[in-house]
Protein chains: 2
Amino acid sequence: MPDRNHDLSERKKLILKAVIDAHIKNGEPVGSKALTKHELISCSSATIRNEMAELENLGYLEQPHTSAGRIPSEAGYRFYVDWLLDRYNLTNAEINELKANLSQKQAELDSIMDTAVKLAAKMTNYTALSVKPKILRITVSRYEIMRIDDYTCMLIMLIGSMVKTKYMHSEAQIPVQAAAQLSSVLNMTATGITASEFNMPLIMKMESAMGEYDYMVTPVVKAICQAMSEFDGSDLKFEGVNRLLSYPEYYDVDRLREILALFERKDDFLDVISNTGGDKNGINILIGRENVVKVMDNSTLIFKSIIQDGVPVGAIGIIGPTRMDYKRVIATVDSLAKGVSAALDRGGPKKIKGSGPGDAER
Amino acid sequence: MPDRNHDLSERKKLILKAVIDAHIKNGEPVGSKALTKHELISCSSATIRNEMAELENLGYLEQPHTSAGRIPSEAGYRFYVDWLLDRYNLTNAEINELKANLSQKQAELDSIMDTAVKLAAKMTNYTALSVKPKILRITVSRYEIMRIDDYTCMLIMLIGSMVKTKYMHSEAQIPVQAAAQLSSVLNMTATGITASEFNMPLIMKMESAMGEYDYMVTPVVKAICQAMSEFDGSDLKFEGVNRLLSYPEYYDVDRLREILALFERKDDFLDVISNTGGDKNGINILIGRENVVKVMDNSTLIFKSIIQDGVPVGAIGIIGPTRMDYKRVIATVDSLAKGVSAALDRGGPKKIKGSGPGDAER
DNA sequence: ATTAGCACTCACGCTCTTTAAGTGCTAAAT
DNA sequence: ATTTAGCACTTAAAGAGCGTGAGTGCTAAT
């Protein structure tokens with residue numbers, strides 16, 4: 001089916017769109033009579049009934065029971081999203097809010113994503129999520145030993161663009177130069193190395209470079225490896241989970257429990273999002289059972305990748321009932337993802353040259 | 001009423017306890033007949049009825065409707081908690097789990113609290129919360145400038161026992177020595193200082209100490225002040241919110257929505273917890289309307305302070321229906337809070353060995 | 001003071017009925 | 001060849017009526 005668009009007459013498309021729009025608005029099945037009031041539809045309820053019956057045969061509409069109106073099927077939503085959706089532009093107020101919030105933040109992935117995901121939840125009134133992909137090869141690009149007192153120091157590691165810190169408590173006194181020296185030895189010998197590559201030859205090399213302070217190497221390397229194993233780049237955050245409670249779809253506590261339990265299964269989400277990521281530049285929309293996770297029967301997931309320097313570094317998205325305001329959500333997710341990507345490129349840590357704006361901040 | 005304990009005959013206390021125990025167990029109103037099966041109660045149902053009627057007059061019991069059994073009132077729970085509760089000891093398995101989880105963690109407030117709050121939710125099957133108090137006087141005890149490339153560096157600040165980092169992007173090249181020098185200047189002149197104390201004389205002093213790199217001072221100080229203002233020590237985390245769904249008390253979606261909305265109002269919680277904190281060493285129990293926040297009608301909040309070096313640095317607690325397993329929850333919260341306090345004292349960053357605080361912070 | 005006995009209350013679950021919204025089909029109209 | 005009016009049919013939801021049972025409060029006997 002190369003272009004199902006042409007399978008439907010204009011009138012059928014109009015009616016399908018009208019049904020879905022109405023259903024999105026009030027959540028109830030839509031009957032033929034109600035549609036006669038639609039300004040663009042000028043035929044009688046009987047005609048509409050005939051058309052709706054055909055749309056049902058085609059799989060785009062469903063009947064909860066004989067004497068009810070029609071509701072969109074998943075295929076119906078899919079058609080709607082693919083062909084019938086007119087573009088929605090955020091209001092100026094919304095755009096301003098978005099810009100104001102994103103631009104005042106420092107261009108750090110973490111904080112900017114946090115802001116964005118909160119904004120997404122607020123603007124759409126659905127649950128928003130942010131994803132940072134798993135870092136497969138965890139390596140430290142910079143080390144720093146910060147000496148806190150005679151027996152304590154803090155190990156600071158730059159992993160990707162994230163900082164991981166670890167307190168270290170030593171039995172032996174830590175001389176001031178030892179900390180500084182250890183920092184530089186680490187930076188010279190142990191950057192870009194995975195935990196498993198900390199082998200004995202390397203450790204011996206480091207020990208000889210440390211001279212009289214060689215006793216510090218082993219505990220520090222242990223701490224580094226532990227920190228690396230603790231560091232789990234992948235992260236999935238949900239924001240505004242309770243917003244789902246506004247929608248009758250989730251009035252059933254059992255369904256609610258299912259979806260909340262789902263939110264705990266972060267790995268599944270990461271799978272879905274990374275596997276679906278075929279479309280790196282566009283909006284991804286997964287309606288109902290299109291989601292790998294089965295429980296999401298009545299829910300839709302909409303997300304878009306965040307691109308930094310041409311590489312996807314995460315995603316931001318929305319989860320809500322299949323009956324969601326697609327126009328608004330798509331527009332919001334799109335703008336937010338673009339906004340975040342732009343903010344990251346503007347002055348992110350990886351962008352080096354002097355092309356960016358003047359100040360350290362902004 | 002200095003000691004309401006003596007207002008009640010032993011038999012009334014026994015019956016009250018039996019009612020509450022039974023109600024906690026199955027969540028349903030308890031009738032007189034059911035109590036005759038209680039092994040310690042050896043009178044007839046009629047007698048129990050009379051006693052229960054009196055307990056109702058005293059305000060300890062309530063009747064949902066005429067033909068139902070009795071349920072405990074808030075005052076009933078209060079009496080129960082204050083006078084009737086026998087001590088519960090965690091099982092060895094539980095103690096081992098607790099120890100295993102807490103001791104393997106580094107003694108960092110953040111990570112140990114995270115572990116503890118997750119454990120609390122898991123062990124009690126209620127929602128757990130962790131609180132870190134607002135730091136009133138935000139000062140940096142250590143600075144470190146980590147140079148990332150010619151135009152980028154990262155500012156690392158130790159605030160209390162937390163690390164705050166900030167990327168800085170510069171137009172001008174950052175020489176290697178400049179970063180190191182700036183670190184040491186900052187540590188010499190700007191530790192223990194609040195944002196408002198970064199005044200012009202101080203900045204000028206720093207600039208003269210930086211010599212030819214004096215142009216770096218202003219942007220860095222700006223970044224420091226911004227970081228300080230962004231840094232909000234106070235933090236409240238909830239864990240296992242969806243566990244509430246297991247309890248019929250929260251089967252009503254409206255109530256659920258109320259309590260989830262409550263979880264968003266973190267400031268209120270911080271107020272409640274810091275204002276109730278009269279009892280720094282004991283367990284705090286707030287039943288139903290005893291909570292400042294009104295919505296918590298049917299919920300109980302139990303928490304205990306975390307003490308580090310004699311100073312409260314946070315709290316850990318449980319929220320659940322008023323009908324909760326007080327024995328277990330109290331024992332769990334108590335052990336966890338003690339465990340965390342102990343772990344922090346054992347090797348925390350502030351514990352300096354024999355000498356005492358010979359150091360920039362505190 | 002305790003208890004057996006009994007009348008009374010009231011939520012809960014059951015069936016039965018009514019209501020109203022909406023459909024499908026047929027036959028007439030355009 | 002569509003479209004439409006009309007009508008019989010279906011069905012969920014809402015309400016009415018009724019028996020059931022757990023539980024109470026009271027009274028009188030122990």
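Order of the sequence lines fixes the chain letters, A, B, ..., with proteins taken first and strands second; residue numbering starts at 1 for each chain. Below, all heavy atoms of this structure are taken into account, side chains as well, without hydrogens, waters or symmetry copies.
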Novice: Of all the heavy-atom pairs spanning B/Ser299 and B/Tyr250, show the shortest one and how long it is.
Specialist: OG-OH, 2.7 Å
Novice: With the threshold set at under 4.0 Å for non-hydrogen atoms, list the residues of residues 64-76 of chain B touching DNA chain C in residue-number order.
Specialist: B/His65, B/Thr66, B/Ser67
Novice: So, B/Lys118 and B/Glu239, do they make that salt bridge, N to O below 4.0 Å?
Specialist: no
Novice: If we ignore hydrogens and angles and just use 3.5 Å, is the side chain of B/Tyr326 paired with the main-chain N or O of B/Tyr77 as donor and acceptor?
Specialist: no
Novice: Any salt bridge linking A/Glu56 with A/Arg70? Criterion: basic side-chain nitrogen under 4.0 Å from a carboxylate oxygen.
Specialist: yes
Novice: Using atom CD of B/Glu62 as one end and atom P of D/dT24 as the other, report the distance to the nearest whole Å.
Specialist: 15 Å
Novice: Is the shortest heavy-atom distance from the side chain of B/Asn284 to the side chain of B/Ile273 under 4.5 Å?
Specialist: no
Novice: Which of residues 33-57 of chain A have a heavy atom under 4.0 Å from DNA chain D?
Specialist: A/Cys43, A/Ser44, A/Ala46, A/Thr47, A/Arg49, A/Asn50
Novice: Are B/Leu14 and B/Ile41 close enough that some pair of their side-chain heavy atoms sits under 4.5 Å apart?
Specialist: yes
Novice: Ring-plane angle category for A/Phe269 and A/Phe238, please: parallel below 30°, perpendicular beyond 60°, tilted otherwise.
Specialist: perpendicular
Novice: Might you work through the side-chain hydrogen bond (donor to acceptor under 3.5 Å, both in side chains) test for A/Tyr80 and A/Asp21, ending with a clear yes or no?
Specialist: CA-CA 9 Å; A/Tyr80 175 80; A/Asp21 281 335; 2.7 Å; yes
Novice: Only one of B/Ile302, B/Ile319, B/Asn125 passes side-chain contact (heavy atoms from CB on, under 4.5 Å) with B/Met324; say which it is.
Specialist: B/Ile302
Novice: For DNA chain C, which nucleotides open and close the run of contacts to chain B, 5' to 3', at under 4.0 angstrom from a non-hydrogen atom?
Specialist: C/dT2 to C/dA11
Novice: Does any non-hydrogen side-chain atom of A/Val30 lie less than 4.5 Å from one of A/Leu61?
Specialist: no
